[in-house]
Amino acid sequence: MIDFVQNTLDGVTAGASYALLAVGFTLIFGVLRRANLSYGPAIMLGAYTATWVFLQTGAGLIVLLVVAVLATVLAGSYVERLCFAPHRKGAAAAAMVASFAIWMQLEELATLLLPRHLYAFPALYEGGPLIFGPFFLRVESLLILLAAIAVCFVGWKVLYATRFGIAVRAVIDDPRAAELSGIDVGAVSLRVFAVSSAIGGLTGFLIVSSHEQVTPMLGMWSTLKGMLAMMLGGLGSLPGAIAGGLALGLIEAHSQWYLGPQFRDFIAYLLLFALLAARPPWMNTRSAY
Amino acid sequence: MLSVRELVTAYGKIEALRGVSLEVTQGSITCLLGPNGAGKTTLMMTIAGILKPRSGSIRFSENEIAALPAHAIVARGIALVPENRLVFPSMTVLENLHAGAYQRKNGFDDDIERAFTRFPRLKERAAQLAGTLSGGEQQMLAVARALMSRPKLLLMDEPSLGLAPLVVEEIFTIIAELHRDGVTIFLVEQNAHMALKVAHRFYLMEQGRVTFSGDPGSLAEDEVIRRAYLGSSKS
Amino acid sequence: MRWLLGLAMLLSFEVFAQKAEARLDCIHTGKDFIYDCVIEIVRQGLPVTDLDVRMSADMPSMPMAHQVKPVRAQATSTPGEYRARLDLEMSGEWAVKLRLAGPLRDQLVLHYEFDERGARPVRRSAKSPRK
Amino acid sequence: MDEYALGVLTNIGLLSFVATSAYLLLIAGELSFGQQAFFGVGAYAAGIATAMLGLPLFLGLLIAMVCGAAVAALVGLPALRLRGLYFAMATLAAAEMLRILFELFHWQVEVGGEIVGPDGTQGFRGIRWVFERGVEPLDFLALVWGMLAVVVVAIHLLERTRLGIAIRALGEDPELAGTLGVDVLRLKLAVVAAAGALAALGGALFAHHNTYIEPRNFDIMLGVHTLAYALIGGLGTVVGPLLGVALDLGLLEGTRIFQGYRMIVFGGLVALLLIWRPRGLLDERVVHWLRTRR
């Protein structure tokens, strides 16, 4: 029973970073109806830039966070301008493949910046884990969980209480109607892309600082986990993204414990495949690209 | 107020508009009739900036707007109530209205009040999701949303499409009210009979060209209806 | 005609095994990702001499897209030992491919982790029968 | 031609098989992130057939295609109703599951004093049928390109038939195709199976060219690359994917001068190219223009 609770704890905290990634993916998908394969690599470039700044200047965590977020936003906007803006009308496959080409580009850029396979990154929190009873909870994971809750709360407030939020939801609901209501869909998409990249930069920073290391795998890893979590929670809905992220975290934690590490990913993919095949109601399978 | 000169819009090789010219005078209700596929909706979308014309000019109170994007044209005071009344289905009625007033930072509370007085049924359904409204209610919401940007010229693309006769009556009384409030209206309508009752001037379009223009008296109504539905007889 | 011969071969059944085994010893030359390697080729424990050895490498992921130009290895004084300079695109784990021709035709694939110092085997190279 | 050029040309041929399989699905309107798994199924099946069961290569290739088609149909069946990103993610999930199964797959036999067979993550060593028969690199190249030519001509002719047009209709507008009497689900399943067989054939040949395969050879990178090849080359003709692969691998040589910057150059080029031609270089319009010009 203790293992179950401990796994659930680990699952929720791991799920927090998946949820953040899924929120970032969903924002872009909501506004553009496209999956952005370069989302993970942009995050990796952000984390790599922060690492480079750390190696050169030994700057503190806050500075590194700002650097990571800014670099990711820059990379994200570059991706939006090159892969998504030109393909607004149709050509979803082209946009996706273009974002894959830029993925390769960003990854090579990162390895040029820092060629070694692994780099240290300052720890998010120096002290040991919180112990209460038989359970322990790493403070870093708690911080990620809090960050995820904060992002969701701020996101919720912005979307449902500000003018920009109305415009974003309008573009998500029906881009043509939004255009006719005087909303500049292109500008809104770019700004949403920037917000989503900022969330990605924050997520990347939290992940590398909690693991205290940076590897080139971060790009592929975050793209895969983010898309997996987004799909689990039902494409295009923000609450779904959060639920999907937490669900993925729980599935992985439990299947790793009860079935062994190699089954961890297998179960997650199996569940997604089963869900997609069963097409549950919350997964609105309008033919979305 | 709005003058269109030799407008050509094409989808790839297919020219939907082959040099359309027409005028909409200030304060008038001008109506556009014509068979399906005549290019009526294409013309509306080109004026509203959704479609880019290949050539020709659109002048709105003396400045050229042909190349502007849709949101810039809305800013200039032209609003389009599109065919099949696009609303934001997963947003509430009130939020739909807020979206309509997107370009005005603040001070649209009185606009909302005015919209609710003009469309009392929308007031009852203010907190309801637009997707759950009836066809007629969605049409009213689409009109109300377009009005939120305080347009000088309101383009309406077949507002009576797919609505019960009773609701169509309501739509046309609203059009008459808008006219009395000084809004210039350019109306595309299948329901020639109803349209001719309110229009000061009308145009007939076929295969991307204007084939007739005049005021309601200038052509017998049945002749108009025949050409509007069957196209002019070139036999 | 060559092609017919090739087709006939496709259908032939018998199998004959001439398994060779190889070991690599690479050191980093200091210039980015270029390594000097000594290759030792053995068959049933005996060094194999005057072989035409070509050495190239592939990344495990996307094996056909990392074209490392194959290099012909030079035989050295000691029998069964060949020397070649390998130019890789990046550090990390590479599948080194040795294509043998001459008295013995074969292709061996050895997994080595290349870093700033040199290369160390990642897994058992050619598999010797379990005793 | 030195051995290196032969190697590059063989690789272009091998990748073209799996890129053409992605092309088949693309013209049927679907994005598949999973063709690399069927490429893997073919590699393992053929490797087992020749290296462990001692069957001739030709039979091995056949077995590989049958396995590829079967696994593809198995994966495709539950995902048939899905479209767009949903179908793509379903194929991605299935492909990753297959790759993990390859990592768990251990089955080894003793053949001629040697232990041969898949050994999980250690991979599958000793698929040396081609070397044991002394097949020269040139002969293997001829075999790969010969088979590829047969496939390309077959698909080219297929696209002329009513079936080929039905597949394109499926890609344009599945609902419309349905109303025209096209059995959308059955046709889509057939296309998925055919694409699976095609990818498996490529995998089988790859296994024998490389003599060693491991699960990581069949990861997502290969899947997304095949999509990129098919789309860059162009969806107008079956030669499109070949062009896409040749551009990438050919450019690989061309940009040897950009040693460290290859992907930066290539990635940017691909993105720009897709802006200019969202359906690839040889898209339907170009092909139509070529066909009507004569």
A.B. asks: Going by heavy atoms in the side chains, are A:Met231 and D:Tyr86 under 4.5 Å from each other?
C.D. replies: yes

A.B. asks: Which distance, rounded to the nearest 0.5 Å, do you find between the CD1 of D:Ile220 and the CE of A:Met220?
C.D. replies: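 Here the rounded value is 6.5 Å.
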
A.B. asks: Looking at A:Trp221, I want to see if its CH2 is surrounded by more than 12 non-hydrogen atoms of other residues, nucleotides or ligands under 6.0 Å.
C.D. replies: yes

A.B. asks: Do D:Met221 and A:Trp103 come within less than 4.5 Å of each other through their side chains, counting heavy atoms only?
C.D. replies: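 Yes; the side chains approach each other to less than 4.5 Å.
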
A.B. asks: Using the rule given for side-chain contact (heavy atoms from CB on, under 4.5 Å), can you reason through A:Phe263 versus D:Ile100, listing the C-alpha separation, both sets of side-chain angles and the distance that settles it, and then say yes or no?
C.D. replies: CA-CA 8 Å; A:Phe263 280 98; D:Ile100 294 169; over 6 Å; no

A.B. asks: Between A:Leu228 and D:Met89, which heavy-atom pair has the shortest distance, and what is it?
C.D. replies: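 Between these two residues, the closest heavy atoms are N-CE, 4.0 Å.
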
A.B. asks: Would you check if D:Leu85 and A:Met96 make a side-chain contact, meaning some heavy-atom pair closer than 4.5 Å?
C.D. replies: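 Yes. Closest side-chain heavy atoms under 4.5 Å.
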
A.B. asks: Got a sec: does the CD of D:Glu172 have more than 12 other heavy atoms crowding it under 6.0 Å?
C.D. replies: no

A.B. asks: Could you state the interatomic distance from CD (A:Gln105) to CD1 (D:Ile264), rounded to the nearest 0.5 Å?
C.D. replies: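 That separation rounds to 6.5 Å.
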
A.B. asks: Please list, in residue-number order, every residue in residues 268-279 of chain D that has a heavy atom less than 4.5 Å from any heavy atom of chain A; write 'none' if there are none.
C.D. replies: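 Against chain A, the residues of residues 268-279 of chain D that fall inside the cut-off (heavy atoms, under 4.5 Å) are D:Gly268, D:Val270, D:Ala271, D:Leu272, D:Leu274, D:Ile275, D:Pro278.
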
A.B. asks: Testing the basics here: between A:Leu272 and D:Ala93, what is the closest heavy-atom pair and its distance to 0.1 Å?
C.D. replies: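 Closest pair (atom of A:Leu272, atom of D:Ala93, distance): CD2-CB, 4.2 Å.
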
A.B. asks: So how far is it from D:Met97 CE to A:Ile267 CD1, rounded to the nearest 0.5 Å?
C.D. replies: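 Going from the CE atom of D:Met97 to the CD1 atom of A:Ile267 covers 9.5 Å.
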
A.B. asks: How close do A:Leu276 and D:Leu82 get, counting heavy atoms only, and between which atoms?
C.D. replies: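 Closest approach of A:Leu276 to D:Leu82: O-CD2, 3.3 Å.
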
A.B. asks: Which bit of A:Leu106 comes within less than 4.5 Å of chain D, counting heavy atoms only: side chain, backbone, both or neither?
C.D. replies: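 Neither the backbone nor the side chain of A:Leu106 comes within 4.5 Å of chain D.
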
A.B. asks: Provide the closest heavy-atom pair for D:Leu31 versus A:Ala93 in the form atom of the first, atom of the second, distance.
C.D. replies: CD2-CB, 4.2 Å

A.B. asks: Which atoms of D:Arg81 are under 4.5 Å from chain A, going by heavy atoms: the side chain, the backbone, both sets, or neither?
C.D. replies: both

A.B. asks: Taking atom CE of A:Met227 and atom CZ of D:Phe33, what is their separation to the nearest 0.5 Å?
C.D. replies: 5.5 Å

A.B. asks: Report yes if the side chains of D:Leu104 and A:Phe266 come closer than 4.5 Å at any heavy-atom pair, otherwise no.
C.D. replies: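 Contact flag for D:Leu104/A:Phe266 side chains = no.
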
A.B. asks: Does NE2 in D:His106 sit with more than 12 non-hydrogen atoms of other residues, nucleotides or ligands closer than 6.0 Å?
C.D. replies: yes

